[in-house]
Number of protein chains: 2
Amino acid sequence: MPRSSTAEERRRKLLPLLAAAFGSLGYRRATTAELASRCDVQENTLYRLWPDKKAMFLAAVDFLFLRRMDKWKAAIDKTHSEDSHAVRLIELTGEDLGENGLYRIIFAALNETDDPDIKYALQRLYLRYHKRIEEEIVRHRKLTGAHKAAEDDDTAWALIALVAFMNIALDLELMNGRKRQQFFSTIAIQLLHLSP
Amino acid sequence: MPRSSTAEERRRKLLPLLAAAFGSLGYRRATTAELASRCDVQENTLYRLWPDKKAMFLAAVDFLFLRRMDKWKAAIDKTHSEDSHAVRLIELTGEDLGENGLYRIIFAALNETDDPDIKYALQRLYLRYHKRIEEEIVRHRKLTGAHKAAEDDDTAWALIALVAFMNIALDLELMNGRKRQQFFSTIAIQLLHLSP
DNA sequence: GCGTAGTGTAAGTGCGCACTTACGCTACAA
DNA sequence: TTGTAGCGTAAGTGCGCACTTACACTACGC
């Protein structure tokens, strides 16, 4: 049997490109021809690495989520241990909103929720996301002793809602960048119930 | 010239059906064949009433938005003048979330924002929506004398964000109905800064 | 060297769908 | 009654796109 399998490695190399393509084009406009061209390979090659377009999409979703979590981890590692992670993450989110296309890909996926695989993947993603945020809220509230206006898990969902809408606002140009950032931090802080 | 134009009337009759179809199927899955079948006419007939599928879609968006506003008006008219409209509208939103497909159609449209017409229509819709909500927040705060934790317009955007996410949560079954309603009212009240 | 698993390239293929054409029928204005 | 604008019905048409096939080439195990 000749040539050791390099498929896994090739998948890893192509994923960021696929993710970027899906992120900026959405599901529909990201045609297989376009994906191939952006990866600088033939369509054929993609189909040798993934069974179909949906699989490429799901792999991309997963990749972007994990990359986002890595970014959070890196940001937190640079924070002093006694500072609030939550506040740092809010700043971070305000800054590189939409940068890596995670939300655009999620919104693209939301239109495919009739497909059970896609729906399940999104569900899992949101639940993991929620869990991660709730952890930080708990930590934040313990640290600051802030009086809770809502349960931690409700606050976590509310922050997720806020971020989702920030991306809508970005896409639709509902507010300019400065305003959007001010809006986000005002409301996020209010939700954490930290008097300014 | 024979037969007086009934086109306008037919459009009015078909719009609710179109809107329902787009609302439950999204843009992509709402094929022209499917639309025609749900309206119980031939595709041809639709094309005699609107120039193309996009026009049908935009008309449906507009229709749903106006219907939602009518519903609000009706709800408010039934409220005692000294009661808070805002609280009544929050209850209402919690109850018939997703009922008329407005949000599903908006999410469908969000994937078509590369089309300037669709983007512009959404922009206009959100800005009108925001303006309407802000009015109620101003009224509410004047009425209750609640101390503001955020500007009225920020609070209005935050409520819009919340409702948008409620619909995501509904689609993805992130929470059950009871939980979702509890979450929404808790956070909405917190945003209005009315102590419970 | 030789056979085979995998690679690059390119030309299909078939289907779903937005949109069109064709044509006969109907109701109204003249 | 007759001409015409609009209606119903049904059969296209063409194109974009997910996915496939074909085939020559290459690297590796034997």
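Here is how names work: the chains are called A, B, and so on, in the same order as the sequence lines, proteins then strands, and each is numbered from 1. Values in this document were obtained by computation on a predicted structure and should not be read as measured data.
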Without decimals, in angstroms, what is the distance between [X] [atom1] and [N] [atom2]?
X: A:Asp115; N: D:dA18; atom1: CG; atom2: C1'; result: 15 Å
X: B:Tyr47; N: D:dG8; atom1: OH; atom2: P; result: 17 Å
X: A:Glu112; N: D:dA18; atom1: CD; atom2: P; result: 11 Å
X: A:Leu14; N: C:dG8; atom1: CG; atom2: P; result: 10 Å
X: A:Leu46; N: C:dT7; atom1: CG; atom2: C1'; result: 14 Å
X: A:Met56; N: D:dC17; atom1: CE; atom2: P; result: 15 Å
X: A:Arg10; N: C:dT7; atom1: CZ; atom2: P; result: 6 Å
X: B:Arg11; N: D:dC7; atom1: CZ; atom2: P; result: 10 Å

When you measure only distances, ignoring hydrogens and angles, does the side chain of B:Arg48 come within 3.5 Å of the base of D:dG8 through a donor and an acceptor? yes

Report yes if some heavy atom in the side chain of B:Arg104 is under 4.5 Å from a heavy atom in the side chain of B:Asp171; otherwise report no.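 Side-chain contact under 4.5 Å: yes.
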
Aromatic ring pairing [X]/[Y], orientation class (parallel under 30°, perpendicular over 60°, tilted between):
X: A:Trp157; Y: A:His130; answer: parallel
X: B:Phe107; Y: A:Phe107; answer: parallel
X: A:Phe57; Y: A:Phe22; answer: perpendicular

Is any NZ, NE, NH1 or NH2 atom of the basic residue among B:Glu135 and B:Lys131 found under 4.0 Å from an Asp or Glu carboxylate oxygen of the other?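 Salt bridge flag = no for B:Lys131 with B:Glu135.
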
Phosphate oxygens OP1/OP2 of C:dT9: is one of them under 4.0 Å from a side-chain N or O of A:Thr45? no

Hydrogens and angles aside, do A:Asp154 and B:Gln182 bring a side-chain donor and acceptor to less than 3.5 Å of each other? yes

Under 3.5 Å, is there a donor-acceptor pair between the side chain of B:Thr6 and the main chain of B:Glu9? no

Output the residues of residues 25-40 of chain A in contact with DNA chain D, where contact means a heavy atom of the residue under 4.0 Å from an atom of the strand; sort by number or write none.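 Correct list: A:Thr31, A:Thr32.
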
When every nucleotide of nucleotides 10-15 of chain C is labelled 5' to 3' by its protein contacts under 4.0 Å (heavy atoms), B for base, S for sugar-phosphate only, - for none, what sequence of letters results? B-----

Please step through side-chain hydrogen bond (donor to acceptor under 3.5 Å, both in side chains) for the pair B:Arg141 and B:Thr155, ending with a clear verdict. CA-CA 11 Å; B:Arg141 285 180 168 159; B:Thr155 303; 3.1 Å; yes

